Each structure stands twice: as C-alpha cells, then as structure tokens.
Amino acid sequence: MAFPYEHEREVRILSRGWGDPRTRTLEGWKALGGYQALEKALRMPRGEVIDEVKASGLRGRGGAGFPTGVKWSFMPKEKTGPQYLCCNADESEPGTFKDRELLRWTPHQLIEGCLIAAHAIQADHVFIYCRGEFFEAVQVLARAVEEAYEAGLIGKDILGTGIDIELTVHSGAGAYICGEETALMNSLEGRRGLPRIKPPFPAAVGAFGRPTTINNVETLCAVPHIVQHGGAWYREQGTEKSSGTKLFCVSGHVVRPGNYELPLGFPLKDLIYDVCGGFRPGRSLKAVIPGGSSVPILNAAECEDCTLDYEGVVEAGSMLGCASVIIMDDTTDIVKQVRRMVDFYAHESCGQCTPCREGTQWMARILRRIEEGRGTEEDMDTLLDLGDQMTGTTICVLSDSAAAPVASSIAKFRDDYLALIRRGERVGAA
Ligand SMILES: Cc1cc2nc3c(=O)[nH]c(=O)nc-3n(C[C@H](O)[C@H](O)[C@H](O)COP(=O)(O)O)c2cc1C
Ligand code: SF4
C-alpha cells in the first residue's frame, strides 16, 4: 500500500514500512531485518554501542539537536542502583506529527531502539511516555510490547545474554508541558507535570531520583539502523554537522502536506515546490516556520537559500527544532497566526514562573487587540519588551518559545501589524 504522500527524493530508513500493517507485528518487523541490531548490540560492550552512536553524529530529534552519544555518556560510569531510560513520545508541538506515525506503523523499531539504548546506558527499565491523545498509537505499541515480552526480547535474560530490561508504556493526560523532560519525569512519578530546576540534570538525578536519560521517539528509532550498519553508514546521509535523515512534518498551504523522510541539508525550496507540490494556483510563499511553533518565523527572502539542517536554518534566521515545517502562502494573516500560537502557550504554561504565566497572557491579549483593529504602534514595543523579559528568565524554555514568534513576526512582518493598527485608526476616525 502506498503511504500518502511519498516522494522519490525521500530516503526512507525510519519510515520504511509505513502504511503496511504487517510492520506492526513482530513477524513483519523481523521480515525487514528487525531485532538483528538488538542481538548485535547486546553482545557488544556498552561503551562500543555509545561510540558507534557518537560516530554516527546522531543528534536528538526532540528539538534541541543535542548529540545523542554524548548525552548517553553523561550517565554514571559506576552503577550504584536502578537507572532509567525515558522515551519522550509526548509529541504536542503544534505542527509536529512524526512520532505518532513511528509509534503506529513501526512500534518494534522503537522498542528495539529503546532496548539498545537501555543496554548502552545500563538502564534497568524503559518508560515510553506517550501523549494522552494517542489512543490508537498506544494500543498498537502496547500490543507490540506484549509480543516482544512473549518472544523474550524484553524482560529477564534477553536473548540468553543475561541482560534484564523491563519496558512500560505510560500514557500522559494530554499536557504540552509534559513533553519537557523534567515535567515528563514528574508526571511519570505521579506528580503534577511541572518542569524542575536544572541542575541537577537527569543523568545525575532523574526519574524516581535515579540517573535517567530522556530521548525522543525519532532519535531512538534511528539507533537500530546505526548499530546494524555503522556510524559511518549513517553519515552518508546529511551534512558534516547534521548527519542522517530527518522526518519533516510539513503542514500548511502546500498541495501535498505530510511526513517526508529526507537527508538533513535538503533545500527548503525543494521541499516546498518539488516534494510538496508548491502552492495552489495563483498563490505564493509568504512565510515559513521551519521547526514547530517554538522557533522564529522566516520570510520569503530568508527561505530562498535555506537548507534544512541544524546550521542552515540558524543561518537563515531560525532553528530546525523538530523539523515541523509550517508553510504559509500570501493569503495568511500573520498576526492572527502568531496570536493563535501565543494563545496555545498561554493555555499550556504550567504557571510556575511569573514571566511565562503573566507574559503569555498579556501577549495574547495585546495581539488580540491588534487583530481586532484596537491596537497602537506602542503595542508592538510593549510586545517586544515583554518578549525580552520572558526570554532566559524562566525554569524551562516554554516562555522563550512563546516570545520567539512574536519578536520575529514584528521584525519581519511589521507592515502586517501596521495595516491592522492603521485600519483600526481609520475606523476610529470615521
Ligand atoms: C515545553 C517543551 C515541550 C517539549 N516537548 C517535547 C516533546 O513533545 N517531545 C520531545 O521529544 N521533546 C520535547 N521537548 C524536549 C525535551 O525536553 C527533551 O529535550 C527531548 O525529549 C530530548 O530528546 P532528544 O535528545 O532525543 O532530542 C520539549 C521541551 C519543552 C521545553
Ligand atoms: S517557563 Fe512556563 S511552562 Fe516553563 S516552568 Fe516556567 S511557567 Fe512553567
């Protein structure tokens, strides 16, 4: 069955098997070579597994792009008690819908990646923390976990190696903030999903007070392929600093939105016009948010030479984040879009930090005022000032994430703001 939409320029490593229900089963996954990497990894010294992942250059796909092998090496050298791996499957960033597909089409790929990672960091227990709304995905994953337990791939003495790893699927209750790694651990422990102050970092004091590594679903799904084929093989895709393939979640005003697995460094314009079929007749590019709602917006000129890798997107004026590319044509009301994003952050703020709790609400109110034609030019300065106070001053970066699209949209689409403000002035004068 063809999976909508596919494109010939895709390099399907993680998304291989999507659309085919057989890959959801243990038998189907094994038919694609599944669990061979686990067998190999369990017989490798754990340091070698970490070195292979370091050699691959794999960077975390949850947003920050931190090198995965380096993160794993932060775990204690000498184990003094239980250690944990948390797989972050909370995927709630507006515009992001890749982890859900990995969970529902290739659950064994994720289980295999989790088990290899757990071996590498000496974790006794893996927790896959799933977004509360992922009903179908969680059912598919839970069935796959049962199958893997029955086949001796999880639990005691895995594949006769003497290694014990347990795995639990945990459903959240649908809060965006529980995707932040320390809030996730609090939620897992049965507490309110509030981010913790760092340090201590999770590798020292994590879930249940024990050393813990947190990785994104897509990050862990890449691991079996790296172990199986080697870090150098993985580096054949992508760029020097951003190796491998990436799942790009494309949404917005293009003819063929969807998930596409492409090598990092792929040109943004090729993604828009070739892979996604461009715009509807008569429409043109106005703006792109390249990495999910938390990153600065790019205008059409900035998209011109932008390549989709961690460095390329920064050079263009934004961040790759989790590569959720939101594309907007010339009919887009930028102020309205930004206001809707800020509404989201205001709703999802956990309320611990004053700049975030109050700032997101103020921003939303000011933006709504401008949108409704009741704004002034000073409101833009107030928004920028508020954004400054919300950035770098809070426990987690949700606050920074809310401020970034506001500041960048004022800098790059000032005329859109002015048009609404002046329309209001004209209405007032009439
Ligand atoms: C507000 C907020 C929400 C987040 N949501 C997610 C999420 O849904 N999934 C995810 O993998 N990472 C999310 N992150 C990033 C995680 O804190 C963490 O960095 C990531 O899971 C680490 O995995 P990686 O190293 O594999 O990228 C979020 C961060 C913040 C501040
Ligand atoms: S920045 Fe916002 S979401 Fe993050 S801890 Fe502070 S109040 Fe909570």
Side-chain angles (χ1 to χ4, degrees), residues 53 58-72 74 85-100 102-103 110 113-114 117 121 127-134 172 174-188 192-198 201-203 206 212-223 244 246-247 249 291-295 310 319-324 341-342 344-361 363 389-404:
V53 173
L58 175 67
R59 293 168 67 170
R61 305 304 196 210
F66 192 82
T68 306
V70 176
K71 184 187 259 193
W72 291 2
F74 292 156
L85 171 72
C86 290
C87 168
N88 193 339
D90 195 51
E91 188 170 61
S92 315
E93 176 87 0
T96 311
F97 42 86
K98 62 185 178 67
D99 296 343
R100 182 189 59 198
L102 288 166
L103 291 167
L110 176 62
C114 286
I121 62 165
F127 296 97
I128 305 181
Y129 186 101
C130 296
R131 176 178 170 159
E133 291 90 340
F134 281 174
Y176 171 66
I177 195 58
C178 289
E180 194 281 332
E181 58 187 19
T182 57
L184 181 152
M185 293 188 295
N186 274 342
S187 168
L188 186 67
R192 275 184 67 189
L194 303 177
R196 301 175 183 171
I197 293 173
K198 291 188 270 193
F201 291 97
T212 304
T213 293
I214 300 101
N215 277 130
N216 172 257
V217 170
E218 188 184 351
T219 313
L220 291 165
C221 284
V223 168
K246 178 82 193 74
L247 288 163
C249 315
S293 60
S294 304
V295 306
Y310 293 100
M319 288 182 289
L320 186 67
C322 37
S324 315
M341 287 193 286
V342 174
F344 170 81
Y345 289 113
H347 184 260
E348 298 297 330
S349 166
C350 81
Q352 285 189 100
C353 320
T354 307
C356 175
R357 184 187 61 243
E358 303 298 325
T360 51
Q361 297 285 350
M363 275 187 158
Q389 295 180 55
M390 288 165 63
T391 304
T393 54
T394 53
I395 297 174
C396 85
V397 295
L398 183 142
S399 185
D400 307 49
S401 305

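All of these numbers come straight from a predicted model, not from anything done at the bench. Residue numbers start at 1 and run along the sequence shown. Both ligands and their constituent atoms are indexed starting at 1 by order of listing.
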- Closest approach of any protein heavy atom to atom 7 (S) of ligand 2, naming residue and atom: Cys353 N, 3.2 Å

- Task: Could you tell me the residue and atom name of the protein heavy atom closest to atom 4 (Fe) of ligand 2, and the distance to it rounded to 0.1 Å?
- Result: Cys396 SG, 2.4 Å

Could you list which atoms of ligand 2 come closer than 4.0 Å to a heavy atom of [X]?
X: Ser349; answer: 2 (Fe), 7 (S)
X: Ile395; answer: 5 (S)
X: Cys356; answer: 1 (S), 2 (Fe), 7 (S)

- Does ligand 2 have an atom under 4.0 Å from some heavy atom of Gln352? yes

- Message: Which heavy atom of Ala323 sits nearest to which heavy atom of Lys246, and what is that distance?
- Response: CB-CE, 3.6 Å

- Do you know which two heavy atoms are closest between Gly392 and Asp400, and how far apart they sit? N-OD2, 3.0 Å

- Test Cys356 against Met390 for side chain to side chain contact (heavy atoms under 4.5 Å, CB included), laying out the working first. CA-CA 6 Å; Cys356 175; Met390 288 165 63; 5.8 Å; no

- Where's the contact between Ile177 and ligand 2, heavy-atom distance under 4.0 Å: side chain, backbone, both or neither? side chain

- Item | Steps toward side chain to side chain contact (heavy atoms under 4.5 Å, CB included) verdict (Tyr345, Met363) | CA-CA 10 Å; Tyr345 289 113; Met363 275 187 158; over 6 Å; no

- Nearest 0.5 Å please: distance from the CG atom of Leu320 over to the CZ atom of Arg61. 8.5 Å

- Task: Could you grab the distance from atom CG of Asn88 to atom OG1 of Thr213, nearest 0.5 Å is fine?
- Result: 13.0 Å

- side chain to side chain contact (heavy atoms under 4.5 Å, CB included) evaluation trace for Phe127 with Leu184: CA-CA 11 Å; Phe127 296 97; Leu184 181 152; over 6 Å; no

- Look at the rings of Phe66 and Phe74 and say which category their plane angle falls in: under 30° parallel, 30 to 60° tilted, over 60° perpendicular. tilted

- When you look for protein heavy atoms under 4.0 Å from ligand 1, which residues do they belong to? Gly60, Arg61, Gly62, Lys71, Asn88, Asp90, Glu91, Ser92, Tyr176, Ile177, Gly179, Glu180, Glu181, Ile214, Asn215, Asn216, Thr219, Val397

- With side chain to side chain contact (heavy atoms under 4.5 Å, CB included) as the test, would you mind laying out the steps for Leu398 and Glu180 before giving the verdict? CA-CA 9 Å; Leu398 183 142; Glu180 194 281 332; over 6 Å; no

- Verify the distance test for Cys350 against atom 4 (Fe) of ligand 2: any N/O/S atom under 2.8 Å, yes or no. no

- Query: Under the criterion side-chain contact (heavy atoms from CB on, under 4.5 Å), which of Ile177, Val397, Asn186, Thr394 is the partner of Pro195?
  - Reply: Ile177

